[in-house]
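The next block holds one structure in the form of structure tokens; read it before the comments.
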Amino acid sequence: RGKRAFIAGIADDNGYGWAIAKSLAAAGAEILIGTWVPALNIFETNLRRGKFDESRTLPDGSLMEITKVYPLDAVYDNPEDVPEDVKMNKRYAGSSNWTVREVAESVKQDFGSIDILVHSLANGPEVSKPLLETSRNGYLAAISASSGASISLTYIASERIIPGYGGGMSSAKAALESDTQVLAFEAGRKHKIRVNTISAGPLGSRAAKAIGFIDMMIDYSLANAPLQKELSADEVGNTAAFLVSPLASAITGAVVYVDNGLNAMGVGV
Ligand code: NAD
């Protein structure tokens, strides 16, 4: 059979997760998706109504098939961890089995196993606040939603100063990159699983628009990166497909930049 991939963090057709799903589907993988519980309804409705049909089109003209969409909130491992107000929230009450452990169990029941895990989600409630003004809760929330994985998406704010990428998101990405290395060792030794992360350039996704300065970052990259073109989500999707494929069989613990080379610049020009 073809490979089976679970991609966590898709709720529309604009972000990196969607592009990664498409690249994997084009390479023959079966696609399972984890969608944030509050966004599930609108995503499934749009999917059913054909709103994504144009962007679901693969290079061979067929439409990407999504075998199953699971509700997911990556901040909670078990039902016991979910606070009352979230349980009672009407955007959550309509769904069930959406904590990380329950989703893993459901996938196991439905399909037995997966071959590829993609973490393409982040949430920094205080991302628009400087780190200096970030609350403990905001900081911990950013770390909780935004680190841990098998292939994941990171951002250069982990290692260089990017003013405006606040709320502990820079810290979350630093944790993610460190975890990528340690997990590559542990999962590699124990299960022969490879763990990598893509450090992506700026993309005007839904999540990025919440930060508030994404258009400025896109313009900055266009002006300063070695490759002067807008970064497309597909370029990140294709790299992800490569990294999870046998072509990358010796690559693990790596941070791979897909940013038109911007990371290599020392000064703006
Ligand atoms: P996106 O909005 O398409 O994806 C983020 C997803 O995370 C959304 O679907 C959202 O519903 C989901 N999500 C948030 N909290 C969640 C939770 N608790 N449980 C489950 N899902 C949750 O935006 P994107 O920019 O494509 O983000 C994907 C990844 O790429 C993120 O890790 C982001 O930090 C990273 N990234 C983005 C950029 C950029 O410029 N857009 C640059 C570098 C890295």
Side-chain angles (χ1 to χ4, degrees), residues 6-22 33-44 46 52 55 69-77 81-82 86 91-92 95 98-100 102-103 118-125 127 140-149 151-160 162 164-165 167-177 179-180 197-221 230-237 239-240 255-260 262-263:
F6 185 93
I7 301 126
I10 299 180
D12 59 39
D13 60 350
N14 291 318
Y16 284 134
W18 178 267
I20 293 169
K22 275 180 71 177
I33 286 178
T35 299
W36 197 25
V37 190
L40 181 73
N41 226 332
I42 178 96
F43 178 63
E44 287 199 306
N46 286 338
F52 302 137
S55 57
V69 179
Y70 292 87
L72 167 71
D73 195 318
V75 165
Y76 308 109
D77 283 348
D81 305 334
V82 182
V86 175
R91 292 195 298 172
Y92 281 80
S95 302
W98 40 258
T99 65
V100 173
E102 291 170 296
V103 173
V118 179
H119 177 284
S120 183
L121 61 94
N123 192 9
V127 65
L140 293 175
I143 302 269
S144 176
S146 316
S147 39
I151 185 161
S152 63
L153 274 297
T154 187
Y155 185 49
I156 195 166
S158 60
E159 41 167 333
R160 298 274 187 275
I162 308 286
Y165 196 71
M169 280 304 298
S170 55
S171 328
K173 293 307 193 189
L176 179 62
E177 289 172 30
D179 294 348
T180 297
T197 188
I198 293 173
S199 187
L203 173 79
S205 65
R206 192 187 171 114
K209 286 188 178 132
I211 305 173
F213 65 96
I214 189 68
D215 292 332
M216 195 265 272
M217 295 309 281
I218 292 171
D219 292 345
Y220 181 88
S221 181
E230 191 155 328
L231 179 70
S232 87
D234 291 349
E235 292 173 295
V236 169
T239 306
V255 179
V256 177
Y257 294 93
V258 184
D259 65 348
N260 285 322
L262 186 63
N263 74 91

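Just so you know, these numbers come straight off a predicted model, no measurement behind them. In listed order, ligands and their atoms are each counted from 1. As a basis for the values below, the full set of heavy atoms in this structure was taken, side chains included, without hydrogen atoms, waters or symmetry mates.
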Q) In the protein, which heavy atom is nearest to atom 34 (O) of ligand 1, and how far is it? A) Lys173 NZ, 2.9 Å
Q: Mind checking the CG-CG spacing from Leu203 to Asn14? Nearest 0.5 Å is all I need.
A: 8.0 Å
Q | Mode of Leu121 contact toward ligand 1 - side chain, backbone, both, neither (heavy atoms, under 4.0 Å) | A | both
Q) Would you say Met169 contacts ligand 1, with heavy atoms under 4.0 Å as the rule? A) no
Q: Compute the minimum heavy-atom distance from Gly204 to ligand 1 and say whether it is under 4.0 Å.
A: no
Q. Hey, what do you get for CD1 (Ile20) to CD1 (Ile151), rounding to the nearest 0.5 Å?
A. 6.5 Å
(Q) So Tyr92 and Val82, do their side chains get closer than 4.5 Å, heavy atoms only? (A) no
**Q.** Atom of Ser199, atom of Ile156 and distance for their closest heavy-atom approach
**A.** OG-N, 3.6 Å
Q: Look at atom 27 (O) of ligand 1 and find which of Ser199, Ser120, Pro71 reaches it with the closest heavy atom.
A: Ser120
Q: Just jot down the ligand 1 atoms closer than 4.0 angstrom to any heavy atom of Ala200, in number order.
A: 42 (C), 43 (C)
**Q.** Minimum heavy-atom distance Ser120-Gly17, with the two atoms named
**A.** OG-N, 3.2 Å
Q) What part of Met217, side chain from CB on, backbone N/CA/C/O, both or neither, has a heavy atom under 4.0 Å from ligand 1? A) neither
Q: Please report which non-hydrogen protein atom sits nearest to atom 29 (C) of ligand 1, along with the residue it belongs to and the distance in Å to one decimal place.
A: Leu153 CB, 3.5 Å
Q. Would one find more than 12 heavy atoms of other residues, nucleotides or ligands at under 6.0 Å from atom CD of Glu230?
A. no
Q. Thr35: heavy atom below 4.0 Å from ligand 1, yes or no?
A. no
Q: Starting from atom 18 (N) of ligand 1, locate the nearest protein heavy atom and write down its residue, its atom name and how far away it is, to 0.1 Å.
A: Asp73 OD1, 2.9 Å
Q | Contacting atoms of ligand 1, where contact means under 4.0 angstrom from a heavy atom of Ala207 | A | 1 (P), 2 (O), 23 (O)
Q: Run the numbers for me: atoms of ligand 1, each under 4.0 Å from some heavy atom of Leu72, listed by number.
A: 19 (N), 20 (C)
Q: For a ring-ring contact (aromatic ring centres under 6.0 Å, His included) with Phe43, tell me which candidate from Phe52, Trp36, Tyr70 qualifies.
A: Phe52
Q: Output the list of atoms in ligand 1 that are nearer than 4.0 Å to some heavy atom of Gly15, sorted by atom number.
A: 3 (O), 26 (O)
Q. Identify the closest protein heavy atom to atom 23 (O) of ligand 1: which residue and atom is it, and at what distance?
A. Ser205 OG, 3.1 Å
Q: Compare every heavy atom of Lys173 with every heavy atom of Leu153, then report the nearest pair and how far apart it is.
A: O-NZ, 2.8 Å
Q | Ala145 N/O under 3.5 Å from ligand 1 N/O | A | no
Q: Do me a favour and list the nearest non-hydrogen protein atom to atom 8 (C) of ligand 1 with residue, atom name and distance?
A: Gly9 O, 4.3 Å
Q. Should you measure from each heavy atom of Gly201, which atoms of ligand 1 turn up under 4.0 Å away?
A. 40 (O), 42 (C)
Q. Side chains of Tyr165 and Met217: does their closest heavy-atom pair fall under 4.5 Å?
A. no
**Q.** Nearest-contact summary for atom 22 (C) of ligand 1 - protein heavy atom, Å
**A.** Trp36 CG, 3.5 Å
Q | CG/Leu140: more than 12 non-hydrogen atoms of other groups inside 6.0 Å | A | yes
**Q.** Contacts of type side chain to side chain donor-acceptor pair (under 3.5 Å), residue Trp98, not counting sequence neighbours
**A.** none
**Q.** Protein contact of atom 44 (C) of ligand 1 - nearest heavy atom, named by residue and atom, plus distance
**A.** Thr154 O, 3.0 Å
Q: Taking the side chain as every heavy atom from C-beta outward, state whether Thr99 and Asp77 have any pair of such atoms under 4.5 Å apart.
A: no
Q: Would you give the length of the straight line joining atom CG of Leu176 to atom OG1 of Thr180, rounded to the nearest 0.5 angstrom?
A: 4.5 Å
Q. Applying a strict 4.0 Å limit to heavy atoms, is Asn14 in contact with ligand 1?
A. no
Q | Numbered atoms of ligand 1 (with element) below 4.0 Å of Pro202, judged on heavy atoms | A | 40 (O)
Q) Nearest to atom 19 (N) of ligand 1, what protein heavy atom do you find, and at what distance? A) Ala74 N, 2.9 Å
Q) At a 4.0 Å cut-off, with the gap strictly under it, does some heavy atom of Val37 reach an atom of ligand 1? A) no
Q) Hey, looking at atom 26 (O) of ligand 1, which of Phe43, Tyr155, Tyr16, Trp98 has the closest heavy atom? A) Tyr16
Q) Counting heavy atoms not belonging to Asp81, are there more than 12 under 6.0 Å from its CG? A) yes
Q: Mark up the atoms of ligand 1 that fall under 4.0 Å of a heavy atom belonging to Ala208, in ascending order.
A: 41 (N)
Q: For Tyr257, enumerate each residue passing the ring-ring contact (aromatic ring centres under 6.0 Å, His included) test, keeping only those at least two apart in sequence or located in another chain.
A: none
Q) Going by the atom numbers of ligand 1, which of them fall below 4.0 Å from some non-hydrogen atom of Ile214? A) 40 (O)
